[in-house]
**Student:** 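Starting off with a structure, shown below.
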Number of protein chains: 2
Amino acid sequence: MSSIYRWALLAALVLHATALATQAVADPLPSWNDGPTKQTILEFVAEVTSPDNANYVPPAERIAVFDNDGTLWAEQPLYFQVAFALDRVKALAPEHSEWENTQPFKAVLEGDLETALSGGEDQLADLIMATHTGMTANEFSAIAVDWLSNAKHPTTGRFYTDMVYQPMLELLAYFRANDFKTYITSGGGIAFLRVFAENVYGIPPEQVIGSSTKTRYEYRDGNPVLIRLPETNFYSNKEGKPIAINQHIGRRPIAAFGNSDGDLQMLQWTCAEDGARFCAYVHHTDADREWAYDHDSPIGKLEKGLEQAQSDGWTVVDMKNDWNVIFPAKEDQN
Amino acid sequence: MSSIYRWALLAALVLHATALATQAVADPLPSWNDGPTKQTILEFVAEVTSPDNANYVPPAERIAVFDNDGTLWAEQPLYFQVAFALDRVKALAPEHSEWENTQPFKAVLEGDLETALSGGEDQLADLIMATHTGMTANEFSAIAVDWLSNAKHPTTGRFYTDMVYQPMLELLAYFRANDFKTYITSGGGIAFLRVFAENVYGIPPEQVIGSSTKTRYEYRDGNPVLIRLPETNFYSNKEGKPIAINQHIGRRPIAAFGNSDGDLQMLQWTCAEDGARFCAYVHHTDADREWAYDHDSPIGKLEKGLEQAQSDGWTVVDMKNDWNVIFPAKEDQN
């Protein structure tokens with residue numbers, strides 16, 4: 001090695017080391033209050049990324065999965081995708097005169113939400129299918145983008161994509177900075193999620209897992225399209241989450257975040273293996289800044305999950321005490 | 001900027017530029033003969049990766065999909081996964097005395113391959129289900145790994161994983177070096193493919209798409225398992241390929257490689273969009289070094305695909321004339 005080359009290399013290494021040291025001083029999770037929860041996260045990441053640690057995990061195996069509703073963004077007073085379906089019913093009503101006499105559509109059009117949502121999962125599925133299918137995949141994406149660009153949350157007046165949790169945005173970025181692949185594993189619709197996940201969370205479409213309808217391929221005059229059909233392909237909730245994770249990713253995550261009993265099996269699946277594993281529940285404890293609910297909430301019910309978190313030593317994030325900010329400042333948002 | 005820092009930076013840049021220049025001289029596709037096919041590939045990659053080109057594609061959207069059987073590895077005299085199923089029937093026969101009197105199992109056990117495979121897709125599905133389900137996902141992977149480590153191809157005597165195409169290995173690496181994400185989109189089983197795709201092709205499990213059985217989640221004494229069920233979840237062939245690509249990836253590939261009419265819809269889906277798109281058929285034309293077959297082959301039938309390749313200007317790779325090597329030298333293999 002020539003001495004000039006050696007000198008340049010040395011200078012570059014010193015500069016690089018200085019940059020790293022500066023970086024290490026900056027807090028990667030500024031919206032998380034100092035305390036045991038934040039400390040546990042930092043220690044887990046340090047453990048799996050340190051080559052000398054017994055629990056070191058190679059980058060390719062650093063998979064972290066995140067539920068969406070109630071974990072990455074809010075879910076009250078009703079799942080945002082249901083709000084989308086309700087708005088679509090109103091928009092499509094002129095083409096469906098039969099809805100004036102058919103529940104749950106009639107109630108939606110009359111603004112009687114309680115009746116509209118009283119029919120349980122079957123009637124909810126009717127609302128979803130009637131508003132989410134019958135068009136091409138591209139057409140559906142355009143409809144969802146348009147809605148997200150215009151609709152506002154009924155109590156905060158924010159865009160729905162401004163109701164993501166700032167601490168979780170920081171956590172996603174922190175994991176990725178440590179060579180994790182971050183995935184969404186939602187019970188919500190995969191096609192709905194994909195229209196905003198990349199811009200809002202930095203999660204590309206191929207790392208979004210969710211529920212889906214069947215589709216049909218048609219070759220229309222040389223122009224292939226996928227038609228969304230009113231038939232469930234997969235429901236990615238409860239037992240469906242580990243099944244979908246295995247189908248999409250094909251290896252077990254080493255970190256999982258959820259907020260309801262619908263995420264329990266995903267956390268079980270993630271944390272049953274040996275080695276450093278991180279499972280956490282986001283617990284909605286902040287009635288002032290967000291909502292406070294768990295075992296008796298129809299949306300985001302969390303009861304069995306809290307029990308297993310206790311018995312298995314999973315982390316429970318206390319939104320009120322662990323987070324110094326809930327939503328991003330509006331000017332930071334896309 | 002201090003002058004020492006500036007000097008070090010300059011030196012580093014010069015060294016980096018020199019390294020790049022050396023790299024550019026090396027042929028990324030040495031097993032491909034010079035000629036129009038190779039030239040078309042190189043020009044496509046140059047086009048989509050040059051920021052000044054009208055057809056530039058950002059790295060996140062550089063998705064390339066590859067069929068497996070007959071495209072990345074050989075598929076004669078029968079799909080390798082079928083050879084696996086036949087060997088498993090023999091291994092499992094002592095536990096299934098009923099197979100002595102049930103087709104197609106009886107014929108397999110008597111070594112009468114013609115009868116065994118004469119029953120069409122239904123009987124083939126029986127063989128696959130009987131040998132690929134009833135165990136946990138982890139147990140299945142271990143069985144497949146064991147078979148691939150021991151079984152040899154009937155005519156070449158090679159391990160099956162030594163019957164991958166060297167020119168395609170180079171192509172996969174070349175795409176990845178240009179920030180493409182490479183995916184397998186096979187009609188074969190996703191769980192079977194995933195046990196070797198990472199080692200053999202450099203394709204991680206989350207970038208493998210294939211056919212699948214349904215699975216059931218069970219929480220056995222705190223140990224969660226996925227049980228493989230004898231029921232088709234998805235058949236990823238023909239129309240199923242674009243549907244599976246949309247489900248897994250959620251955006252359209254810009255390059256697709258296949259070898260049979262089962263890949264036609266995937267190529268249509270990929271190349272119907274505007275901008276630089278690359279669709280190619282690997283045409284089996286080399287009876288001496290591999291096999292020569294197309295429109296009248298029961299395995300890898302290629303007829304409609306060749307017609308559309310002609311009419312739409314897709315690339316047809318002539319194995320005999322475009323490839324100077326078919327299989328890797330054995331000592332290069334995993």
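Given the structure is predicted, the values throughout are model-derived calculations rather than measurements. Below, read A as the first sequence line, B as the second, and so on, with proteins coming before strands; counting in each chain starts at 1.
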**Student:** Under 4.5 Å, counting heavy-atom pairs only, tell me which of B/Gln207, B/Arg194, B/Lys214 racks up the most with chain A.
**Tutor:** B/Arg194
**Student:** Who wins among A/His248, A/Lys181, A/Glu198 for the most heavy-atom pairs under 4.5 Å with chain B?
**Tutor:**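 Most heavy-atom pairs within the cutoff with chain B belong to A/His248.
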**Student:** Need one label for A/Val208: side chain, backbone, both or neither, based on atoms under 4.5 Å from any heavy atom in chain B.
**Tutor:**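 It is neither, since no heavy atom gets under 4.5 Å.
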**Student:** Tell me every residue that passes side chain to side chain donor-acceptor pair (under 3.5 Å) with B/Glu218, counting only those two or more places apart in sequence or in another chain.
**Tutor:**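 Only B/Arg216, B/Arg220 meet the side chain to side chain donor-acceptor pair (under 3.5 Å) criterion with B/Glu218.
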**Student:** Using the disulfide (SG to SG under 2.5 Å) rule, collect all pairs that involve residues 196-277 of chain B, keeping only residues at least two apart or in two chains.
**Tutor:**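 Output for this query lists B/Cys271-B/Cys279.
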**Student:** Within residues 227-241 of chain A, which residues come under 4.5 Å of chain B, heavy atom to heavy atom?
**Tutor:** A/Asn233, A/Glu239
**Student:** With rounding to the nearest 0.5 angstrom, report the OH to CD1 distance, A/Tyr217 to B/Ile245.
**Tutor:** 10.0 Å
**Student:** Starting at CD1 of B/Ile243, measure out to OG of A/Ser212 and round the result to the nearest 0.5 Å.
**Tutor:** 11.0 Å
**Student:** Does any heavy atom of chain A fall under 4.5 Å from the side chain of B/Thr215, the backbone, both, or neither of them?
**Tutor:** both
**Student:** At a 4.5 Å cut-off on heavy atoms, which part of A/Ile190 comes close to chain B: side chain, backbone, both, or neither?
**Tutor:**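 Contact with chain B is through the side chain of A/Ile190 alone.
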**Student:** Decide side chain to side chain contact (heavy atoms under 4.5 Å, CB included) for B/Asn138 and A/Arg252; before the verdict, give the C-alpha distance in whole Å, the side-chain angles of both, and the deciding distance to 0.1 Å.
**Tutor:** CA-CA 11 Å; B/Asn138 281 354; A/Arg252 226 188 271 211; 4.2 Å; yes
**Student:** Against chain A, work out which of B/Gly210, B/Pro204, B/Pro205 has the most heavy-atom pairs shorter than 4.5 Å and name it.
**Tutor:**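 Top option by heavy-atom pairs under 4.5 Å: B/Pro205.
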**Student:** With a 4.5 Å cut-off on heavy-atom pairs, point out which of B/Glu273, B/Gln265, B/Glu206 contacts chain A the most.
**Tutor:**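 Maximum pair count with chain A is reached by B/Glu206.
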**Student:** Enumerate the residue pairs fulfilling disulfide (SG to SG under 2.5 Å) with a member in residues 179-236 of chain A, sequence neighbours excluded, ordered by first and then second residue.
**Tutor:** none
